[in-house]
Asker: 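One structure is given below, represented as structure tokens, and several questions about it will come after.
Below, chains carry the letters A, B, ... as their sequence lines are ordered, and counting in each starts from 1. Everything quoted here is computed from the prediction, not taken from an experiment.
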There are 2 protein chains.
Amino acid sequence: MVTIYDIAKKANVSAMTVSRVINKADNISEQTRKKVEAIIKELNYIPNSSARSLISKKTKILSLMVTDISNPFFTSVARGAEDKAMQMGYQLLLCNSDENIEKESKYIDMLISTGTDGVLIAPANDSSKKNIRKLIKHNIPIVLIDRYIRDLGCDQVLSDNETTTRKLIEHLIEQGHRRIAIINGPLDVATSRERHQAYCDTLRLHGLPVNDKWIHQSELFHHSDVSSKIKELIDLPAGERPTAIFATSNFLGLNTVKSLLKYNIRVPEDIAVVCYDGVPNYTESELFLTAAEQPSYHFGYMGAQMLIERIEKTSPAEPRKIVLPAEFHIRASSRYKVEK
Amino acid sequence: MVTIYDIAKKANVSAMTVSRVINKADNISEQTRKKVEAIIKELNYIPNSSARSLISKKTKILSLMVTDISNPFFTSVARGAEDKAMQMGYQLLLCNSDENIEKESKYIDMLISTGTDGVLIAPANDSSKKNIRKLIKHNIPIVLIDRYIRDLGCDQVLSDNETTTRKLIEHLIEQGHRRIAIINGPLDVATSRERHQAYCDTLRLHGLPVNDKWIHQSELFHHSDVSSKIKELIDLPAGERPTAIFATSNFLGLNTVKSLLKYNIRVPEDIAVVCYDGVPNYTESELFLTAAEQPSYHFGYMGAQMLIERIEKTSPAEPRKIVLPAEFHIRASSRYKVEK
DNA sequence: CTGTTAGCGCATTCAG
DNA sequence: CTGAATGCGCTAACAG
């Protein structure tokens, strides 16, 4: 391994001078700087980050904790975060919590040990608060992504759950729907809770009934089997059976449509479907499923930017909150007027 | 920050003893071990990885270099790699090269600086050899994923390009096709080259013509606009126009189908399409596009396993090569017999 | 079984 | 503008 001393010896200067060249200190004569740089290149010297970190307490590593990178929403968040990180000279460490608090906790201990400079986190659920507090106690800046947790006083990049949900439900109401079901994630996740609340509020606002039988919460937010619940819904008596379903995530939306088709329910003629969050633009559902698409790339990009500003102390002291609007794509799955 | 000395002082032992407890050395009395462990827990002590790395030259960090994590193939590779890494006590650093040699090179310098223990890499193209050589020179073990590069003497997890391509082409031949086009990536990527070669070989083997007009290589392997080439193909005179297209990647396949539909070409009646690599199982194309699906998760999982074995020197000295077979899904896009 | 000494590679003092 | 000494937190090697 080539060290700063190898360079120093060969250049007939002290290690300190080499260090100054590496760190672009300005009080170096043009001549020695050139000489040192030449030898650095010649010997292919690359500074040892561990040694630097040991002194500086900085690693130039950001961490991204998501529930599952396989979810296209988080894939895109990761891509955005990585782009910003790279641009600012940081690297990105990837963690999948699988919506599991213990796994998340284990990861966070590893992150503290590694000495990550900051963490972008989409918490598993409300119980993540304890895990996040641990990061804060270790003075590691964090940015909450997508899922809000109270009383943490940290930067956030969130979706406008209230507005977006309301618009989706109102779209269904405009199409003539009066019995609207919700296929939702667990209520210990902020996004589910807020979408649930906005769903209820919007129905009430328009004088429509809120029926417990139309409300479903899955165990996990993503990749849940919803077909038994769908079966329940379609088996309700004619006057109680919903004519539309609001699915609160991309996977829930896709699984809802799949289940409906499995039971030979026509979408949208028998039951319309709208979905919170989009599906990737390389799918065909993109042409079918009505969706409020979240700017997932920007969740990561803006999140990383806020995080770096926090790390480098170029941001205001008080926590910042960015709320990103969704983009509405009204498509075939809800493009059908219900007869009165 | 809590250090080993804080623990030592409070426990009335030396720092070395604490170190031994942390590293689970066996020559520690049960009593002192218990005492030290209690204080570690009490003070929430987490060892500093930088300090450890400085001595051990190990970081417990694996790096994954892909062209783009947004590509579902690599998303799944990443998930597999991360699972294995976590299971073995490693963390995963994510890098997107965007099929760009300079970006890849810059990343590799960062990785060397960070001191990653090993790199899983899907090289941008053949010119990546120089970048990879740099890693090898720094004694960083690497595993080549998906894209082979000659004379590097390192472990590999590859797809069986020859067999898989042949089977796809033979499937088309069985369906009665005699004029088969190929929409391929650039030939400086091994997978493209091998699929190209197998495509030509298979056609010749069956006494079918190989026509230069049917052969297309895009600039980049993924996300390329193929519609102008598709236009050329469908504008060929009746006797020369292909009746089937072999697309060599997921995105090329999806874009091929989209382009064909745009030009009002029926798939598969007018032109059949088969695709190397699958599309995610949450898409509807999954139900449509004939595909040789690669076990992408296992590319990452097995790759990480080989890499860790190489790092921990539990693997044989000679480089290992794993060739993973694809899974064939014959679907609507090619389920159509051509009339003779 | 436990402690002491030394040093990993670098950057922060403080002197020149 | 440059250099020498010191220590970041931890562990290998040795000594007891």
Asker: From the options dC8(D), dG9(C), dC10(D), select the nucleotide whose nearest atom is closest to the side chain of Thr3(A).
Answerer: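 That would be dG9(C).
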Asker: Do Lys321(A) and Tyr148(A) form a cation-pi contact, if we require the NZ or CZ to be under 6.0 Å from the six-membered ring centre and within 45 degrees of the ring's axis?
Answerer: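 That pair qualifies as a cation-pi contact.
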Asker: Contact class for Ser53(A) (heavy atom, under 4.0 Å): base, sugar-phosphate, or nothing?
Answerer: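 Nothing, no nucleic acid heavy atom in range.
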Asker: Can you check the Asp6(B) CG to dC8(D) P distance for me, whole Å?
Answerer: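 Checked: the CG to P distance equals 11 Å.
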Asker: Lys57(B) has an atom NZ; how far is it from atom C1' of dA12(D), in whole Å?
Answerer: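 Rounded to the whole Å, the gap is 13 Å.
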Asker: How many whole angstroms separate atom NZ of Lys9(A) from atom P of dG3(D)?
Answerer: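 These atoms are roughly 15 Å apart.
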Asker: Would you say Arg20(A) places a side-chain N or O within less than 4.0 Å of OP1 or OP2 belonging to dC1(D)?
Answerer: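 No, because none of the side-chain N or O atoms of Arg20(A) sits under 4.0 Å from OP1 or OP2 of dC1(D).
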Asker: Between atom CG in Leu54(B) and atom P in dC10(C), what is the gap in whole Å?
Answerer: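 Whole-Å distance recorded here is 9 Å.
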Asker: Mind calculating the distance between CG (Asn12(A)) and C1' (dT2(D)) to the nearest angstrom?
Answerer: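 After rounding, the reported distance stands at 13 Å.
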Asker: Check whether any side-chain N or O of Ser14(B) sits under 4.0 Å from OP1 or OP2 of dT4(C), and answer yes or no.
Answerer: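 For Ser14(B), the contact criterion (side-chain N or O under 4.0 Å from OP1 or OP2 of dT4(C)) is not met.
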Asker: Starting at atom NE2 of His138(A), determine the distance to atom P of dG9(D), rounded to an integer number of angstrom.
Answerer: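 My rounded result for the distance is 14 Å.
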Asker: Is there a side-chain contact between Arg147(B) and Asp126(B) in this structure, where contact means two heavy atoms from C-beta onward sitting under 4.5 Å apart?
Answerer: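 No; the side chains remain at least 4.5 Å from each other.
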Asker: Using a cut-off of 4.0 Å on non-hydrogen atoms, how would the nucleic acid contact of Ile55(A) be classed: base, sugar-phosphate, or nothing?
Answerer: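 Base contact.
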Asker: Can you find a heavy atom in the side chain of Lys60(B) that is under 4.5 Å from one in the side chain of Thr114(A)?
Answerer: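 Result no, sub-4.5 Å side-chain heavy-atom pair not found.
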Asker: Both Val2(B) and Arg33(A) contact DNA chain D. Taking the nearest nucleotide for each, which residue is further toward the 5' end?
Answerer: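 Its nucleotide being nearer the 5' end, the pick is Arg33(A).
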Asker: Quick check for you: among dT13(C), dT4(C), dC10(C), whose closest atom lies nearest to any side-chain atom of Met16(B)?
Answerer: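 The closest nucleotide is dT4(C).
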Asker: Taking OP1 and OP2 of dC1(D), is either one under 4.0 Å from a side-chain nitrogen or oxygen of Ser29(A)?
Answerer: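 No, outside the criterion.
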Asker: So does Asn48(B) get a side-chain nitrogen or oxygen closer than 4.0 Å to the phosphate oxygens (OP1/OP2) of dC8(D)?
Answerer: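 So the side chain of Asn48(B) is outside the cut-off, no N or O lying under 4.0 Å from OP1 or OP2 of dC8(D).
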Asker: If we count only N and O atoms by modelled type, under 3.5 Å, do the side chains of Ser113(B) and Ser49(A) hold a donor and an acceptor together?
Answerer: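 Distance-only check passes for Ser113(B) and Ser49(A).
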Asker: Would one find a side-chain N or O of Tyr5(B) under 4.0 angstrom from OP1 or OP2 of dT11(D)?
Answerer: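 For dT11(D), neither OP1 nor OP2 has a side-chain N or O of Tyr5(B) closer than 4.0 Å.
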Asker: Are Lys58(B) and Ile311(B) packed together at the side-chain level, in the sense that at least one heavy-atom pair is separated by less than 4.5 angstrom?
Answerer: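 The answer is yes; the side chains approach within 4.5 Å.
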Asker: Quick one: label Asn27(B) by what it contacts on the DNA or RNA (base, sugar-phosphate, nothing), any heavy atom closer than 4.0 Å.
Answerer: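 Here Asn27(B) touches the bases of the nucleic acid.
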Asker: In whole Å, what is the span from the CD atom of Glu30(A) to the C1' atom of dT2(D)?
Answerer: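 The distance from CD of Glu30(A) to C1' of dT2(D) comes to 16 Å, rounded to the nearest Å.
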Asker: Do Ser50(B) and Ser53(B) have side-chain N/O donor and acceptor atoms under 3.5 Å apart?
Answerer: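 No, no side-chain donor-acceptor contact under 3.5 Å.
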Asker: If you assign each of Ile28(B) and Asn23(A) to its closest nucleotide in DNA chain C, which residue comes earlier from the 5' end?
Answerer: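 In this pair, the answer is Ile28(B).
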Asker: When you measure from the side-chain N and O atoms of Thr17(A) to the phosphate of dG3(D), is any distance below 4.0 Å, counting only OP1 and OP2?
Answerer: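 Answer yes for this pair, as a side-chain N or O of Thr17(A) is under 4.0 Å from OP1 or OP2.
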Asker: Does Thr32(A) have a side-chain nitrogen or oxygen under 4.0 Å from the phosphate oxygens OP1 or OP2 of dT2(D)?
Answerer: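 Checking dT2(D) against Thr32(A), a side-chain N or O does come within under 4.0 Å of OP1 or OP2.
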Asker: How close or far is atom C1' of dA11(C) from atom CD1 of Ile4(A), stated in whole angstroms?
Answerer: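 In whole Å, dA11(C) C1' and Ile4(A) CD1 are 8 Å from each other.
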